[in-house]
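So the structure is just underneath, and the comments pick up after that.
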Amino acid sequence: MKNKFIKTYWLGLILFSGGNLFNSCSDSMLEENVYTGTSQNNLIAQGETGCKILVDGIYKYVQYFSYSRGNNWQLAPEAGTDEFTLNWGFAITEWGGMQNFLNLNSGHYQPMEMYRETYKLIAQSNQVLISFGSKENDPAYSAMIAEARFWRAYAYYKLQNVFGAVPLVTGGENLSSGIERTSASGIRSFVESEMKSIENTLPPLPSTYGRPTKWAVKAFLARFYLNNKDWAKASKYAKDVIDNSGASLQARYQDVFKIDANSEIILAVNQINQSDKGNKYVALSLESELRNALNIQGVSASNGYGMSNYFYSTFASDDQRVAPFNKNTKQGIAIAGIQYKADGTPVYGTIAAPETVQKHLNRVITFKFPLQENIAKGEDSDADFPLMRLGEIYLTYAEAQFQMGNTAAALQYINPIRTRAGLQPLTVLTLDDILNERGWETYHEGYRREDLLRFGKLLEKVELKYKYDFPASPYPHSGNVSRELFPIPADALSLNPKLTQNPGY
């Protein structure tokens with residue numbers, strides 16, 4: 001009977017998410033193996049070993065939340081804020097698809113992929129729980145089961161942030177006739193309950209680098225409560241992480257993203273320098289003429305990612321988080337202004353009329369994830385992608401304290417972040433200061449959309465970005481709050497007859 005249920009469940013969910021869902025990974029958590037339904041039963045029969053194989057398979061889908069491929073979770077949510085610009089489709093007739101929501105619709109590939117890939121992670125997590133959930137009180141299984149619950153809750157939280165109400169699939173449903181959406185508040189309640197239930201089950205140190213710990217749960221809950229404006233709980237969890245996790249700030253900002261498993265990282269997506277298993281951020285950002293002028297070797301140039309010109313203009317000139325890249329030392333982060341070739345001629349424009357990077361590329365190139373040369377396929381560096389880190393937790397605590405009226409405590413935790421960036425400490429503080437600091441500190445890490453929604457400034461900031469690049473063109477969705485959510489993908493609507501579209505699409 002159990003096997004019949006699993007078969008019905010998985011057939012429904014394969015249709016629901018549009019892909020193959022039986023996966024395992026090697027110890028590196030990056031090498032995929034695909035299992036058939038028959039071998040799936042064999043995994044159940046293997047007990048603890050089978051459970052580990054299924055849990056390892058989750059990490060194939062966790063990679064989607066990093067820069068492990070050109071189309072990833074970071075792309076559309078962040079391009080749809082003020083800090084990120086994508087060159088692919090920058091023309092004003094296309095710019096809105098991922099830049100300002102102008103052309104975003106249910107047929108757009110990015111929402112479709114976000115929806116599909118995240119439900120694949122949920123499905124793999126559910127398979128662990130379907131197969132082994134009854135053993136959650138067995139010490140041999142409890143941490144692995146908690147790990148699956150962590151990633152399932154993490155994925156649902158991401159889905160509700162961009163789509164609002166989504167179907168809540170936990171493994172007890174027959175999906176053959178479809179499933180209705182659960183409200184965004186219902187999803188948040190589920191996520192909170194799941195995370196709190198595993199808070200003290202996961203170990204304080206990861207069993208393997210890249211695995212969630214009790215401190216990852218607490219860091220998640222700090223941000224969760226911040227986004228839900230429960231300042232007291234956000235403050236409580238953030239301070240617990242700050243005081244008791246053992247994490248510490250790196251002295252240099254770029255070392256957070258350069259040094260694997262450094263002291264600031266609470267949870268990261270593990271990236272390795274192997275084909276399609278690494279961090280493609282730099283390769284996806286570079287443009288070929290600029291790459292050649294900077295004498296960068298063994299890195300491709302997809303001419304895509306970058307910081308928006310508007311957002312770059314908000315930084316102080318001496319902010320080390322956008323320190324100028326030095327082509328001689330190959331150190332630094334931001335590539336902006338007029339750049340020159342070895343013969344002294346400008347990379348863009350002419351000697352008489354040189355052009356800046358901002359003007360020619362419509363963006364600023366950043367190496368926040370540091371340049372590594374001669375990498376696999378010219379794309380895959382081993383710079384890990386932090387999902388949770390102490391610097392962001394400092395800012396979470398500062399914001400929560402400020403919202404509760406404790407400005408002195410807020411300054412105590414926002415100023416170390418500024419000092420590390422080479423800026424003067426603040427002596428007075430406003431909400432705008434906090435929002436700005438969060439943006440400058442965590443750009444291209446996937447926080448900005450959540451932050452702008454919490455402050456009620458998403459549409460306002462995107463409009464500022466749009467007008468910075470196209471000052472003579474009216475912004476077509478000014479104040480259109482329906483664009484704060486993405487459309488439910490057309491293929492999901494066609495596969496699930498009980499699914500409904502978000503307003504405005």
Side-chain angles (χ1 to χ4, degrees), residues 23-32 55-78 84 113-114 117-118 120-122 124-125 147-148 150-159 161 202 205-213 215-217 219-220 223 247 250 254-285 305 367-370 372 375-377 379-393 442-450:
N23 288 284
S24 169
C25 295
S26 71
D27 288 340
S28 74
M29 297 186 293
L30 293 169
E31 295 176 5
E32 174 190 359
V55 171
D56 286 354
I58 291 171
Y59 289 87
K60 173 182 185 292
Y61 303 114
V62 171
Q63 288 288 316
Y64 182 65
F65 290 95
S66 70
Y67 290 110
S68 63
R69 59 206 239 194
N71 298 321
N72 55 69
W73 182 272
Q74 308 305 323
L75 184 56
E78 294 308 292
F84 194 103
E113 185 163 275
M114 293 168 66
E117 294 301 313
T118 307
K120 287 181 183 179
L121 190 160
I122 290 167
Q124 185 77 17
S125 301
E147 199 172 330
F150 174 92
W151 288 116
R152 182 176 68 176
Y154 182 90
Y156 271 121
Y157 189 69
K158 290 293 187 180
L159 282 173
N161 181 263
L202 287 169
L205 296 173
S207 58
T208 304
Y209 178 64
R211 307 272 181 163
T213 64
W215 299 112
V217 176
F220 176 92
R223 193 193 314 170
Q250 287 289 292
Q254 199 164 19
D255 285 348
V256 178
F257 312 97
K258 181 178 182 179
I259 302 172
D260 288 352
N262 68 76
S263 64
E264 189 162 331
I265 302 300
I266 297 167
L267 179 64
V269 179
N270 187 19
Q271 316 269 234
I272 58 177
N273 182 12
Q274 292 183 20
S275 178
D276 293 326
K277 297 176 182 178
N279 187 328
K280 299 180 186 292
Y281 177 91
V282 169
L284 292 166
S285 302
Y305 290 4
F367 292 163
K368 177 169 183 168
F369 297 91
Q372 297 176 16
I375 52 179
K377 284 182 63 177
E379 296 181 342
D380 296 281
S381 84
D382 67 2
D384 294 341
F385 183 86
L387 295 176
M388 299 167 195
R389 63 180 179 91
L390 191 65
E392 190 272 334
I393 295 295
T442 65
Y443 69 88
H444 298 187
E445 293 180 61
Y447 296 94
R448 190 61 171 173
R449 175 185 164 82
E450 295 177 13

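For the numbers below, each heavy atom of this structure counts, side chains included, while hydrogens, waters and symmetry mates do not. Remember, it's a predicted structure, so these values are computed and weren't measured experimentally.
Between the Asp382 side chain and the Asn273 main chain, no donor and acceptor come within less than 3.5 Å of each other. Between the side chain of Glu264 and the backbone N or O of Gln250, at least one donor-acceptor pair lies under 3.5 Å. Using modelled atom types, one side-chain atom of Arg449 and one backbone atom of Asn161 make a donor-acceptor pair closer than 3.5 Å. Without hydrogens or angle criteria, Asp255 side chain to Lys258 main chain gives no donor-acceptor distance under 3.5 Å. In terms of modelled atom types and a separation under 3.5 Å, the side chain of Tyr61 and the main chain of Gln124 share no donor-acceptor contact. Counting only distance, with no hydrogens or angles, the side chain of Glu78 and the backbone of Trp73 share no donor-acceptor pair below 3.5 Å.
For Phe385 and Phe369, the distance between ring centers is under 6.0 angstrom. Remark: aromatic rings of His444 and Tyr305 are distant, center separation not under 6.0 Å.
Between Glu392 and Pro386 there is no side-chain heavy-atom pair separated by less than 4.5 Å. The shortest distance between side-chain heavy atoms of Ser381 and Gln271 does not fall below 4.5 Å. Put simply, the side chain of Tyr67 does not reach to within 4.5 Å of the side chain of Val282, judged on heavy atoms. At a threshold of 4.5 Å between non-hydrogen side-chain atoms, the residues Leu267 and Phe220 do not count as touching. Looking at heavy atoms from C-beta onward, Thr442 lies out of side-chain contact with Arg448 at the 4.5 angstrom threshold. Taking 4.5 Å as the limit, some side-chain heavy atom of Val256 sits within range of a side-chain heavy atom of Ile265. Here the side chains of Lys368 and Glu445 are in contact, with some heavy-atom distance below 4.5 Å.
Residue Lys377 qualifies as enclosed at atom NZ: its count of foreign heavy atoms under 6.0 Å is above 12.
The line from CD1 of Ile266 to OG1 of Thr213 is 8.0 Å long, rounded to the nearest 0.5 Å. For the atom pair OH (Tyr64) and CD (Gln74), the distance works out to 9.5 Å, reported to the nearest 0.5 Å. Annotation: the span from Leu202 atom CG to Arg211 atom CZ amounts to 11.0 Å, rounded to 0.5 Å. Atoms CZ and OH, from Phe367 and Tyr281 in turn, are 9.0 Å apart once rounded to the nearest 0.5 Å. With rounding to the nearest 0.5 Å, the separation of OG1 in Thr208 from CG in Asn270 is 9.5 Å. Note that the CD1 atom of Ile375 and the CD1 atom of Ile272 stand 13.0 Å from one another [nearest 0.5 Å].
For Ser125, the side chain to side chain contact (heavy atoms under 4.5 Å, CB included) partners are Ile58, Leu121, Ala148, Trp151, Arg152, not counting sequence neighbours. Lys158 meets the salt bridge (Lys or Arg N to Asp or Glu O under 4.0 Å) test with Glu450; sequence neighbours excluded.
Salt bridge Lys280/Asp276: present, at least one basic N to carboxylate O contact under 4.0 Å.
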For side-chain contact (heavy atoms from CB on, under 4.5 Å), just list the numbers for Arg223 and Met388, CA-CA rounded to whole Å, side-chain angles, deciding distance to a tenth of an Å, and then say yes or no. CA-CA 10 Å; Arg223 193 193 314 170; Met388 299 167 195; 3.7 Å; yes
Would you sort out whether Leu75 and Met114 count as a side-chain contact (heavy atoms from CB on, under 4.5 Å), showing the intermediate values? CA-CA 10 Å; Leu75 184 56; Met114 293 168 66; over 6 Å; no
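Shown here for Asn72 and Gly70, the closest heavy-atom pair between the two residues is ND2-O, 3.5 Å.
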